[in-house]
Each structure stands twice: as C-alpha cells, then as structure tokens.
Amino acid sequence: MSAQTSRYQSDALPAETVDVAVIGGGPAGLNGALILARSRRSVVVIDGGAPRNAPATAMHGFIVLDGTPPAEILERARRQVRDYGGRVVLGEVAAAEPAAPTATGDLRFAIALADGRTLTARRVLVATGLRDVLPEVPGLAEHWGRGVVHCPYCHGWEVRDEPIGILATGPASVHHAWLFRQLTGDLVYFTRGAGLDPETRARFAARGIRVVETDVKEIAGDGDGALAGVRLADGTLVKRRVLAVATRLEARTEGLEGLALPIEELPGDLGRRIASGTAGATGIPGVWVAGNATDLMAQVGAAAAAGALAGAHINAALAAADTDAALVAARQATG
Ligand SMILES: Cc1cc2nc3c(=O)[nH]c(=O)nc-3n(C[C@H](O)[C@H](O)[C@H](O)COP(=O)(O)OP(=O)(O)OC[C@H]3O[C@@H](n4cnc5c(N)ncnc54)[C@H](O)[C@@H]3O)c2cc1C
C-alpha cells in the first residue's frame, strides 16, 4: 500500500556532524527527537512525510489526543521538537552506512538523501514505520484507511452496529472476526477460497457470524467515495459499510541497506520487522530502532513511548562516548 505523502515546512540540513540522525518523523521518530533535543543533543529528523495512518481522519485510542487528526498531532510534535532546537527535514533517506570512526573511536554515519543532500551523524535512530500490504482485490486499495480498515481499536467504535465484513487473508482474519463481532451484530466473513475448519465454523455460527464462500470479485464503491459492499464472483453484491482486512506488515527499510539491520520474518505471514533488543538496540553499534519498524503492533502511544526510550538510551550512549573522549584528551594534555 503506497502511503500518502504530506508536504510541510522543512528545516535546512546542517553541514556539521550532528549527534543523532532520526530517520522517520512519525510518533516514534519525533518523540525520540524530543527527548534528545531536550537533552541538548543536536538532532535532525529526516522524514519522507508519509506516516502510516495518513488516510485516517482522526487518531483514536490514545488518551488526551483521542479524536485528533493524525496530521495535527505530527504538526504539533514537529513544533515541539523545533522549540528545543531539533531540526525536521522533509526528505527521503536513500543511503545510510557507517563511516570511519574518529581518532577517539567515536562512531560516525554517512547519510544521503534521495535529492543528493548529505548528513553525518554520531548515532542513528531508525523510525521508518511499516507498510501495510493489502491482498490484491480490485477496488480494495482505493478505500484503505476509510471504508477498509485493519484495526478495531483505531476505527471500531466509529462503525459500531454497522454492516461489517471480514475479508479473509490468513489465520489473523479469524481473530479479527471475534474483535469486530464485539462491535457489531451484522458481521459477514468472506473466506476468499480459504477453508474454514468445522470448529471455527461452529464458533462463527454460535456468534451469528455469516460465512460467504463464493469468491470475491471486487470491492464496490457507492460513487461518493464510500464503500457499497463486496461484489462476488457470481455478481451478487453483499452490502457492507466497512471491511476489515488483516494486512501483511512490512517494516520500511528502503535506503537503509547499508546499515545491515537484522530483519526478522514473523510466523503466519504476519510480516517482517527490524529485530531489536532493550530500548530498540539493533545489535549494529550506534543504531537504534523504534515504533512500527520493529514493533509491528505498536499503536501511536506505544510507538511514541518506544521513540522516547530509544532517545534516552542514545543520549546515555553519547554521554559515555563524550566522557571517553574527554578522558583521552585530559590524559594527552597531562602527558
Ligand atoms: C489507516 C490507519 C489508521 C490508524 N489509526 C490509528 C489510531 O487511531 N490510533 C493509533 O494509536 N494508531 C493508529 N494506527 C497505527 C499508527 O499509524 C502507527 O501506530 C504509527 O503510525 C506508528 O508510528 P511510527 O512513528 O512507527 O511510524 P509512522 O507514523 O508510519 O512514521 C514513519 C515515518 O518515516 C518516514 N520514512 C520511512 N522511510 C523513510 C526514509 N527512507 N527516509 C525518510 N523518512 C522515511 C515515513 O515517511 C513516515 O513519515 C493506524 C494505522 C493505519 C494504517
């Protein structure tokens, strides 16, 4: 699913080496940058401007900000980062790789943007989010984030009691069915040719979930941008206001190949993530990851919290490196 790109006022890229380059300016990257900027670290966020939830009209399920448009949250976050001296640069990272360390052994990373601009940073926080890969069903992508949704916690309340469909993509779709059944009594499960075991069938029947096994031909719109329903191979239109689809979740790593990040494929075709340990450490010295790029299930609050924690750990690593360098300099000065 190609993300919607937003344009906003960009800061200039500094010529001098910065403490931290944050790649990605969603909730994870911006919260990481906020913590770092408030710790008086020079930080540059490089952001392609295509956050995952761009199609949604409002963000839900996170206290205080519930109901706020995603673009407004990011605009406020960028302002807060800038208030502490952080920079937010609109651009796509096309290459990132370790560069030669300093004489005292401090790390350096060379980052190049798609438009040719470059930046050198001491540490890197990867916060590039993920891409939702939809099944190839004609008409589906046009409704993504509005009539076609993936998350009961993001959009469920808004469509409660409406006619909802589950478009099966794999084992996660059965789980989806239970969660959306909690929101509506009018739920149809479209198997799309995948078999259903007798036990699941019985459980669906017990909860009043209708099963449609005829293959799906296309997702039909109402002509005004809303969903009309699901057109089956035999021509029947099953009217639905919303379709829930479990997407494949793929961490966004384009342009980051030079960092040799550890990639982990998750079972059940759930997706792939950048593997990480405590506070987003990747195992690659000097590189951390936060948000959906490593935690495929993270909502906005979890992504922001992970970014903040990674930012704090990066600041601590830099403080140790600063102290190492100061000690070397002090010893050299005293002979
Ligand atoms: C339709 C939809 C609705 C949602 N609604 C909700 C909701 O209501 N509540 C909720 O809590 N969660 C919601 N989510 C989930 C939410 O989108 C994620 O939790 C959140 O976006 C994760 O934040 P992130 O910072 O990890 O990634 P993102 O927000 O996706 O930000 C990643 C940023 O990195 C940038 N980027 C990627 N690669 C590069 C590169 N090479 N160079 C430069 N920049 C790059 C992208 O352009 C993007 O701006 C929704 C998701 C979808 C799909």
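If you're wondering where the values come from, they're calculated on a predicted model, not measured in any experiment. In what follows, every heavy atom counts, from backbone to side chain, and hydrogens, waters and symmetry copies are set aside. Just follow the structure's listing: the first ligand is 1, and inside any ligand the first atom is 1.
Of all heavy-atom pairs spanning Thr253 and Glu257, the tightest one is O-OE2, 3.6 Å.
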What pairs of donor and acceptor atoms, side-chain ones from residues 103-116 against any protein atom, are under 3.5 angstrom apart with sequence neighbours left out?
| residue | atom | partner | partner atom | Å |
| --- | --- | --- | --- | --- |
| Thr104 | OG1 | Thr102 | OG1 | 3.2 |
| Asp106 | OD1 | Arg123 | NH1 | 3.0 |
| Asp106 | OD1 | Arg123 | NH2 | 2.9 |
| Asp106 | OD2 | Arg108 | NH1 | 3.2 |
| Asp106 | OD2 | Arg122 | NE | 2.7 |
| Asp106 | OD2 | Arg122 | NH2 | 2.9 |
| Asp115 | OD1 | Arg117 | N | 3.1 |
| Asp115 | OD1 | Arg117 | NE | 3.2 |
| Asp115 | OD2 | Arg117 | NE | 2.9 |
| Asp115 | OD2 | Arg117 | NH2 | 2.9 |

All N/O donor-acceptor pairs, side-chain side in residues 190-197, below 3.5 Å, sequence neighbours left out:
| residue | atom | partner | partner atom | Å |
| --- | --- | --- | --- | --- |
| Arg192 | NH1 | Ala168 | O | 2.8 |
| Asp197 | OD1 | Glu199 | N | 3.2 |
| Asp197 | OD1 | Thr200 | N | 2.9 |
| Asp197 | OD1 | Thr200 | OG1 | 3.0 |
| Asp197 | OD2 | Thr200 | OG1 | 2.8 |

Only distances under 3.5 Å count here; give the side-chain donor-acceptor pairs of residues 258-268 to other protein atoms, sequence neighbours excluded, each with its distance to 0.1 Å.
| residue | atom | partner | partner atom | Å |
| --- | --- | --- | --- | --- |
| Glu264 | OE1 | Arg273 | NE | 2.9 |
| Glu264 | OE1 | Arg273 | NH2 | 2.9 |
| Glu265 | OE2 | Arg248 | NH1 | 2.9 |
| Glu265 | OE2 | Arg248 | NH2 | 3.0 |

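For ligand 1, the 4.0 Å heavy-atom shell takes in Ile23, Gly24, Gly25, Gly26, Pro27, Ala28, Ile46, Asp47, Gly48, Gly49, Ala50, Pro51, Arg52, Asn53, Ala56, Met59, His60, Gly91, Glu92, Val93, Ala127, Thr128, Gly129, Asp132, Trp144, Gly145, His150, Cys154, His155, Arg252, Glu254, Gly291, Asn292, Ala298, Gln299, Val300, Ala303, ordered by chain and residue number.
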| task | Using the side-chain contact (heavy atoms from CB on, under 4.5 Å) rule, take Asp324 and Val328 through it: C-alpha gap first, then chi angles, then the decisive distance, then the call. | result | CA-CA 6 Å; Asp324 290 345; Val328 170; 5.7 Å; no
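Aromatic ring pairs are classed by plane angle as parallel below 30°, tilted from 30° to 60° and perpendicular above 60°; the pair His150 and His155 is perpendicular.
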